[in-house]
Engineer: 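Structure in structure tokens, see below.
Protein chains get the first letters and strands the later ones, always in sequence-line order, with residue 1 at the start of each.
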Amino acid sequence: MEGRISEEMAALTWAGIGIVFAVLALIAFVISVIKRLDDRWQAAEAKADAKAVLKPATIDETTLVLISAAAAVAVGGRFRVRRIRRLLSPKTKRTPWSAQGRLILQGSHAPSRQRDLR
Amino acid sequence: MEGRISEEMAALTWAGIGIVFAVLALIAFVISVIKRLDDRWQAAEAKADAKAVLKPATIDETTLVLISAAAAVAVGGRFRVRRIRRLLSPKTKRTPWSAQGRLILQGSHAPSRQRDLR
Amino acid sequence: MEGRISEEMAALTWAGIGIVFAVLALIAFVISVIKRLDDRWQAAEAKADAKAVLKPATIDETTLVLISAAAAVAVGGRFRVRRIRRLLSPKTKRTPWSAQGRLILQGSHAPSRQRDLR
Amino acid sequence: MDVVWDFLQVGIVGNFSWGNMAMLAIGCVFIYLGIAKDYEPLLLVPIGFGMLVGNIPLSSGMNIGIYEPGSVLFILYQGVTQGWYPSLIFLGIGAMTDFSAMLSNPRLILLGAAAQAGIFLTFAGSLLLGFAEKDAAAIGIIGGADGPTAIFLSSQLAPHLLGAIAVAAYSYMALVPVIQPPIIKLLTTRKERLIRMKPSRPVSKRIRIIFPIVAFILCAGIAPGAISLLGFLFFGNLLKESGVTERLAKTARSSLIDTVTILLGLCVGASTDASRFLTPASVKIAALGALSFCVATAAGVIFAKVMNLFTKEKINPIIGAAGVSAVPDSARVCQMVGAKEDPQNFLIMHAMAPNVAGVIGSAVAAGVFLSKFVMRG
Amino acid sequence: MDVVWDFLQVGIVGNFSWGNMAMLAIGCVFIYLGIAKDYEPLLLVPIGFGMLVGNIPLSSGMNIGIYEPGSVLFILYQGVTQGWYPSLIFLGIGAMTDFSAMLSNPRLILLGAAAQAGIFLTFAGSLLLGFAEKDAAAIGIIGGADGPTAIFLSSQLAPHLLGAIAVAAYSYMALVPVIQPPIIKLLTTRKERLIRMKPSRPVSKRIRIIFPIVAFILCAGIAPGAISLLGFLFFGNLLKESGVTERLAKTARSSLIDTVTILLGLCVGASTDASRFLTPASVKIAALGALSFCVATAAGVIFAKVMNLFTKEKINPIIGAAGVSAVPDSARVCQMVGAKEDPQNFLIMHAMAPNVAGVIGSAVAAGVFLSKFVMRG
Amino acid sequence: MDVVWDFLQVGIVGNFSWGNMAMLAIGCVFIYLGIAKDYEPLLLVPIGFGMLVGNIPLSSGMNIGIYEPGSVLFILYQGVTQGWYPSLIFLGIGAMTDFSAMLSNPRLILLGAAAQAGIFLTFAGSLLLGFAEKDAAAIGIIGGADGPTAIFLSSQLAPHLLGAIAVAAYSYMALVPVIQPPIIKLLTTRKERLIRMKPSRPVSKRIRIIFPIVAFILCAGIAPGAISLLGFLFFGNLLKESGVTERLAKTARSSLIDTVTILLGLCVGASTDASRFLTPASVKIAALGALSFCVATAAGVIFAKVMNLFTKEKINPIIGAAGVSAVPDSARVCQMVGAKEDPQNFLIMHAMAPNVAGVIGSAVAAGVFLSKFVMRG
Ligand code: NA
Ligand code: NA
Ligand code: NA
């Protein structure tokens with residue numbers, strides 16, 4: 001062995017293990033606390049939900065409007081939207097850039113090009 | 001209010017609004033002109049199209065040749081291609097890099113690997 | 001013609017053609033040799049394969065274990081996995097990053113979120 | 001335990017500051033608004049997390065902070081300071097934008113021009129509040145309601161205000177559904193809000209291909225300062241519309257724009273170090289930004305009413321508000337406001353026209369400022 | 001109105017030049033050829049639009065032009081001038097190229113070697129026309145019919161000619177279906193063009209994996225100058241063929257190559273500023289490029305005929321023309337020419353062999369020039 | 001034929017070295033292990049091919065080698081030397097990692113902490129073997145069993161050892177299924193290996209969203225040196241879990257991480273030039289790395305046994321080995337070892353908890369070293 005360990009480095013060795021331990025233990029502790037809080041929230045929400053038995057809307061309002069608009073243009077008269085089933089993943093719904101694309105497209109008058117933006 | 005507006009900056013404020021307006025108005029005007037021209041072109045084309053009632057080929061010549069070639073190799077004899085239905089989007093047709101991939105693949109002899117290039 | 005070709009450049013012209021030729025010819029030669037070796041290997045392997053008529057497992061062991069595990073949790077009792085059919089491409093199987101994702105997911109308890117990692 | 005003590009000194013213990021704590025809280029609010037309220041989450045979540053990253057208290061000299069040359073964040077931040085993240089985002093936006101609505105009814109483009117008045121009036125207001133000329137120009141562009149344009153112009157004219165301007169621009173864009181409706185209602189009568197517009201005609205493919213080329217040459221010829229933004233916007237749009245480069249357009253509007261959005265958001269957020277961000281200037285910028293949005297909205301609506309004085313086919317003045325850009329939120333707002341009076345009135349298609357015209361308009365405005373101030377400086 | 005007047009001065013009004021107008025027109029022609037004629041649209045559309053971007057008349061000093069350090073275009077252009085865009089494109093090409101046709105019939109590789117004669121003869125021709133040695137080498141490589149190789153070599157040996165060389169290379173690649181058929185017909189008899197070749201045998205996976213490794217070591221060991229191109233080409237191919245890195249290969253041949261193609265095309269186009277591009281040198285380069293393509297095509301065809309003198313299994317000399325590379329257009333052309341004589345003769349599979357060998361061949365040629373000229377200077 | 005002779009001189013003929021030959025062979029072994037043995041192919045194949053690229057004998061001065069400023073490889077290598085490739089990889093890993101298993105059973109996090117003892121003991125061992133302090137820290141981190149972390153720390157503390165450290169780290173990660181099982185068996189009784197753990201409960205979405213934010217602030221507040229790694233890891237995870245930025249998360253965990261993985265692997269491999277890599281230091285590093293893995297595995301297992309002394313719900317000590325990270329291979333190994341005793345014992349779900357905690361743990365350890373050594377110099 002050619003090298004040697006200064007006192008400072010020896011301290012660092014043990015301190016390092018300790019710090020890593022402390023940080024992860026702290027995270028573990030905080031998660032436990034948050035989980036306990038969350039359990040209470042969830043219980044409270046479950047109660048609230050139980051009251052609201054209404055079937056939630058499965059499609060957002062803007063989309064409903066757009067479908068109505070498209071239909072209005074196509075049918076050229078009065079009509080009622082009875083039921084809407086989503087064909088694409090609901091996740092895309094919330095992303096502005098793609099929503100932008102979708103909206104613009106739907107605002108456009110070239111329905112056959114809709115494929116482009118998927 | 002601590003600041004003040006020099007004459008030059010005041011001019012810039014109004015000139016800026018004016019310039020933006022002028023540029024967009026110019027675009028609006030040019031689009032209108034082009035649209036009018038385009039309407040005439042379209043009318044002319046519609047006439048020409050009306051004469052050519054022939055059902056257009058739905059697949060390009062290279063692809064037809066490749067399919068024939070593949071079939072020739074597979075069947076090992078004479079045959080006739082009667083009808084071709086496209087399974088992939090026709091858009092890919094025109095992109096050289098992917099076309100390259102496809103061509104090379106089809107020129108290869110490992111049909112089971114075709115999946116790779118999709 | 002304003003320019004002229006020094007002797008060195010003239011030599012380079014011919015040497016260049018020669019070098020390109022030599023390199024590609026060398027590749028062609030080496031490929032031929034490797035191909036001949038490969039043919040022998042393949043013949044040997046074909047023999048070996050002929051003996052091993054056993055139908056190979058179509059799914060790796062880790063996956064089998066995971067499916068068993070998932071089923072154990074879901075059913076909560078004893079059971080036997082009779083047959084496994086792969087629904088995703090077998091290619092993903094081997095990529096650590098995605099495998100990581102999949103494993104972690106499957107280790108998680110939110111099965112409805114599995115879509116995220118595809 | 002000297003080692004542990006020294007170690008703690010470089011972190012929060014040795015560098016605690018209430019400013020950083022406040023910024024951490026603001027970062028959490030941004031993330032909360034993005035996730036729970038769904039306000040522009042693709043921007044607010046990265047910016048919010050970036051604020052956390054940029055405001056962890058630490059000793060300088062560790063090669064970590066976004067202002068320390070050589071650190072990872074510094075390197076990634078260069079895309080912001082050198083201005084090419086915004087350009088690449090415009091490439092992607094071009095590849096996902098359909099200008100059909102606008103091409104179908106070109107006169108609506110003027111609404112997109114009118115709303116840019118907000119930019120120049122805010123510029124004047126900033127001068128009055130004592131900002132230097134270049135800074136005032138960068139602040140004014142907040143009224144353009146277009147994140148990449150604001151970041152690009154700040155990076156060129158007022159790098160030291162970039163964080164505050166970007167945060168203001170994105171905050172107000174997220175708040176468009178809150179800011180615009182009252183202004184629209186104030187400036188229009190119920191009768192005006194009930195105006196129905198004719199469904200517009202489809203546009204031929206040929207026009208959609210020619211448009212980005214012609215529009216680029218016109219805009220850039222007159223306002224060459226806009227090249228770095230509009231060159232990429234119209235290039236992306238040509239890739240989309242040409243029909244033969246769909247492969248490139250798809251990458252531009254998916255992995256390319258996503259990657260840049262992630263990095264831009266994170267870096268802009270991380271640049272809001274409390275010591276630079278929590279200043280009186282930021283407060284002024286926030287106030288001017290709000291003013292800017294209001295003026296722009298009003299200008300669009302009023303100009304629509306003015307146009308109605310001279311034309312036969314009446315425009316519903318609500319859609320003038322979409323001229324601020326903030327694509328597509330402000331077009332949605334127009335639809336919403338219109339539908340309150342008449343649920344069968346589908347304004348969103350028409351609102352897209354001034355909406356995308358507004359993007360071009362604010363890029364031209366940025367070009368005007370660049371031409372004026374970069375040359376001198 | 002001094003403000004407006006000053007403003008107009010920095011744009012087209014104060015910087016009008018007929019050269020720029022001509023280049024704008026050429027840019028439009030490139031876009032037209034790409035879209036309407038479907039000639040290599042993934043290259044011509046970005047380059048064409050880049051020409052528009054690079055030729056808008058403007059005052060310098062605005063931090064916009066591609067030759068102004070610090071501008072967005074300048075930063076993105078560095079991938080061209082530093083040579084790493086071509087390398088990354090080769091990575092993607094490797095990940096999409098199947099060398100099976102070539103591996104199945106190795107003697108066809110020689111056709112890909114023969115066609116590179118065009119490179120060296122054009123090099124000599126360029127010297128005769130008075131070009132400096134390095135410039136002549138960069139011009140010669142146009143005959144390699146491979147865009148990334150040409151750009152890479154120019155960036156290393158003749159950066160000032162990069163625009164002209166790239167434009168010439170891509171133009172002639174787009175014109176392959178026009179240039180090659182007459183030459184092929186001139187040099188072959190009808191009987192030769194009717195030769196049918198045996199369908200070749202499949203190649204084992206093991207060989208397809210070994211090939212990129214062995215070929216890289218051979219090529220790079222002899223011509224190390226080719227490492228920056230062939231290292232990436234064969235690396236991409238190994239990712240594709242290994243079967244265990246499909247995930248990486250997929251990204252390399254989709255979003256990665258698309259992104260780089262967009263930026264490379266735009267920047268190369270934008271580098272053709274009229275004052276640099278509209279020169280006698282560009283005219284000479286265009287002429288030499290055309291010559292180069294013709295010589296390369298002829299060399300490939302003639303060498304196939306020579307090979308037929310010594311072998312029993314005759315080669316259809318048409319496929320010699322595919323040795324120029326220009327993948328895969330020139331292999332298509334071979335199929336087309338062959339099918340005119342006999343529609344049941346499927347040459348394209350065989351033509352892919354010299355076609356991909358030609359890519360390797362021109363990269364080796366580039367390596368030869370690099371070894372020679374970079375060392376000296 | 002002087003031209004040919006001169007030409008050959010710049011290649012293998014003039015620069016032949018047995019060291020390079022050995023490295024070429026090692027590169028082929030890496031590729032073989034990746035493809036045929038399926039050991040971490042996404043890392044070994046790029047690194048292996050990179051070794052070929054970096055060890056082709058050539059004269060310097062050709063602007064090709066990875067250590068020649070201006071060459072393509074040098075430019076791409078900057079992502080390694082400047083440390084931002086590892087950060088971007090962590091962004092992607094965050095976007096694909098599900099921390100549910102860990103959140104469901106937080107006490108298992110401690111196993112991930114215990115296994116990091118390997119890092120610090122190897123640090124001490126390296127000092128004993130005569131390495132300088134910074135170098136020893138970079139070598140120690142090999143025990144973290146996390147490639148990006150090891151590369152990042154080396155780039156900051158010991159750039160000259162980067163190649164050796166990266167190769168050691170990835171080699172041992174690939175060999176986890178060989179190294180860990182005997183150690184686990186040595187330290188546990190059959191009865192312990194048969195312990196069954198209760199299936200853990202699902203975790204609410206709210207907790208999964210809060211976790212990356214809180215964990216980032218805690219880790220970075222205490223060990224700010226970890227910001228460049230954990231900032232990106234937790235940011236990616238927030239993008240994944242938020243539910244509103246799925247689009248960004250998808251790009252981060254696909255094209256973005258793939259692109260960076262390709263370039264990082266190639267460059268790390270290419271940096272192992274024989275003259276720099278075939279040194280006694282590399283041999284020592286390889287030995288220390290192996291030691292490091294063994295110590296880390298043992299520490300995890302033993303700590304699990306210690307925890308069992310104090311708790312009622314017993315932990316199967318096998319899963320302590322997963323604390324080294326090497327995600328997800330080491331969790332797989334735990335499952336395998338456990339299943340040998342009882343095929344119905346599904347440990348992998350539980351093993352994921354210390355496995356991902358180990359990633360955080362080694363990043364924190366890296367932060368400790370950075371805080372200590374970067375500040376000083
Ligand atoms: Na705007
Ligand atoms: Na070639
Ligand atoms: Na670890």
Engineer: Parallel, tilted or perpendicular: which describes the rings of E:F216 and E:F234, with under 30° parallel and over 60° perpendicular?
Structural biologist: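 Taking E:F234 first and then E:F216, their aromatic rings stand perpendicular (interplane angle over 60°).
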
Engineer: Please report the shortest heavy-atom distance between C:I5 and C:M9, naming the atom on each side.
Structural biologist: CG2-CB, 3.7 Å

Engineer: Can you tell which part of C:V20 gets under 4.5 Å to a heavy atom of chain E, answering side chain, backbone, both or neither?
Structural biologist: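 Looking at C:V20, backbone and side chain both touch chain E.
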
Engineer: Examine whether an atom of E:L110 lies under 4.5 Å from a heavy atom of chain C, and if so say whether it belongs to the side chain, the backbone or both; otherwise answer neither.
Structural biologist: both

Engineer: For residues E:P224 and E:I222, report the shortest heavy-atom separation together with the two atoms involved.
Structural biologist: CD-O, 3.3 Å

Engineer: Is there side-chain contact between E:L370 and E:F152, with at least one heavy-atom pair below 4.5 Å?
Structural biologist: yes

Engineer: Side chains of E:S330 and E:V324: does their closest heavy-atom pair fall under 4.5 Å?
Structural biologist: yes

Engineer: Heavy-atom distances under 4.5 Å only: say whether C:L37 touches chain E with side chain, backbone, both or neither.
Structural biologist: neither

Engineer: Heavy-atom pairs under 4.5 Å with chain C are the metric here; pick the option from E:V364, E:L108, E:I207 that has the most.
Structural biologist: E:I207

Engineer: Which answer fits E:A132, side chain, backbone, both or neither, if we ask what part of it has an atom under 4.5 Å from a heavy atom of chain C?
Structural biologist: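 E:A132 has no heavy atom closer than 4.5 Å to chain C.
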
Engineer: If only side-chain N and O atoms count, and only distance matters, is there a donor-acceptor pair under 3.5 Å linking C:D38 with E:S204?
Structural biologist: yes

Engineer: Heavy-atom pairs under 4.5 Å with chain C: which of E:G140, E:A114, E:A215, E:S126 has the most?
Structural biologist: E:A114

Engineer: Measure E:I210 against the heavy atoms of chain C and call it side chain, backbone, both or neither at under 4.5 Å.
Structural biologist: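 Just the side chain, heavy atoms under 4.5 Å.
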
